[in-house]
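Everything quoted here is computed from the prediction, not taken from an experiment. Just so we're on the same page: letters track the sequence lines, and every chain starts at 1.
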Amino acid sequence: MARIVVDVMLRKEIHDPQGEAIASAAHRLGFGQVLGVRQGKRFEVELSGPADEAALARVAELAGELLANQVIEEFTLHES
Amino acid sequence: MTARVGVITFPGSLDDADAARAVARAGAEPVPLWHGDRDLRGLAAVILPGGFSYGDYLRCGAIARFAPVMGELVPAARAGLPVLGICNGFQILCEAHLLPGALTRNAGLRFIDRVVRVRIEDTRTPWTADYAQDQEISVVLKSGEGAYVADPATLARLAAAGQVVARYAGANPNGSVGDIAGVRNEAGNVVGLMPHPEHAIDALTGPGTDGLGFFTSVLRAMVDQ
């Protein structure tokens with residue numbers, strides 16, 4: 001069994017009010033060196049069979065179609 | 001024969017009953033559609049109501065997009081069927097790529113539930129023909145992820161083609177880019193709207209009757225055909 005991790009982040013130009021709220025909470029906690037926070041999502045996809053190139057390509061397809069909305073988000077994947 | 005307008009119920013839809021009531025108040029016959037249906041039953045128009053389909057899991061509208069009924073709706077919409085998505089329905093239409101852009105978390109992070117003023121800027125759609133150009137209406141906005149976003153090229157294209165159907169007329173309530181409250185597809189038959197016209201069809205239970213025009217418009221569009 002293979003596990004592939006898909007990280008989904010809002011595109012840079014998309015406003016992230018949740019990340020901003022987290023950054024301002026960090027400042028209130030005394031983490032003054034925090035310049036900014038962007039919040040994303042992590043998916044751990046378990047597969048039958050090996051994490052070969054074909055499997056990665058299928059997960060990329062899944063990420064592009066379902067896990068991320070590419071109008072506002074981008075994704076990266078790697079083996080866990 | 002009375003015009004028949006479908007209202008889809010997804011697991012987690014909330015405003016399907018009000019949408020059906022608005023259709024009936026306008027003089028058409030509301031027909032319930034279930035998310036598992038694979039047949040649009042020859043309906044003349046379809047409404048995707050508000051709510052929290054599939055618990056807003058993953059992203060608002062992201063799972064509903066793959067419901068069996070959407071397999072029928074998407075090609076029908078591309079072929080010209082009048083479709084209106086309200087709130088969660090708007091989110092579903094964006095996820096299904098029937099409408100450009102996306103809806104994201106409100107700028108203030110709070111869920112907004114209040115009456116807003118909205119200006120109708122495109123009256124050429126089957127859902128807005130009964131309004132006057134730039135008419136301002138009072139409707140309820142109730143959403144946590146109602147901030148419309150699109151890339152600059154898409155926004156320029158929408159503005160040039162007149163595809164922004166409605167904008168917030170007062171202060172921007174949720175951070176929507178360009179104060180956008182609703183958009184349409186290129187052909188004009190698919191409209192998405194963040195506020196709720198179906199809650200504004202009766203002075204007793206809503207802020208007035210300003211929302212009724214969406215439903216009388218589509219009825220007239222069907223009769224004119």
message: Within a 6.0 Å radius of atom CD on A:E53, are there more than 12 heavy atoms belonging to other residues, nucleotides or ligands?
response: no

query: Looking only at heavy atoms, which two atoms of A:I72 and B:A102 are closest? And how far apart?
result: CG2-CB, 3.6 Å

query: So which part of A:Q18 gets closer than 4.5 Å to some heavy atom of chain B, the side chain, the backbone, both or neither?
result: both

query: For A:R38, does the CZ atom have more than 12 heavy-atom neighbours from other residues, nucleotides or ligands under 6.0 Å away?
result: yes

- request: To the nearest 0.5 Å, tell me how far B:Q91 CD sits from A:N69 CG.
  value: 11.0 Å

statement: Per-residue tally against chain A (heavy atom, under 4.5 Å) across B:A107, B:G108, B:P152 peaks at B:A107

field: Spacing of A:H15 atom NE2 and B:R105 atom CZ [to the nearest 0.5 Å]
entry: 12.0 Å

- prompt: B:L109 versus chain A, heavy atoms under 4.5 Å apart: side chain, backbone, both or neither?
  reply: side chain

query: Is chain B contacted by the side chain of A:Q70, its backbone, both, or neither, given a heavy-atom distance below 4.5 Å?
result: neither

- request: Verify the neighbour count for atom CZ of B:F66: are there more than 12 heavy atoms of other residues, nucleotides or ligands below 6.0 Å?
  value: yes

query: Within the distance-only criterion (no hydrogens, no angle test), does the side chain of B:R65 pair as donor or acceptor with the backbone N or O of A:L66 below 3.5 angstrom?
result: no

statement: If you tally heavy-atom pairs under 4.5 Å between each of B:I63, B:L58, B:V149 and chain A, the highest tally belongs to B:L58

- prompt: Any idea which of A:L10, A:V8, A:L67, A:I14 has the most non-hydrogen atom pairs under 4.5 angstrom with chain B?
  reply: A:L67

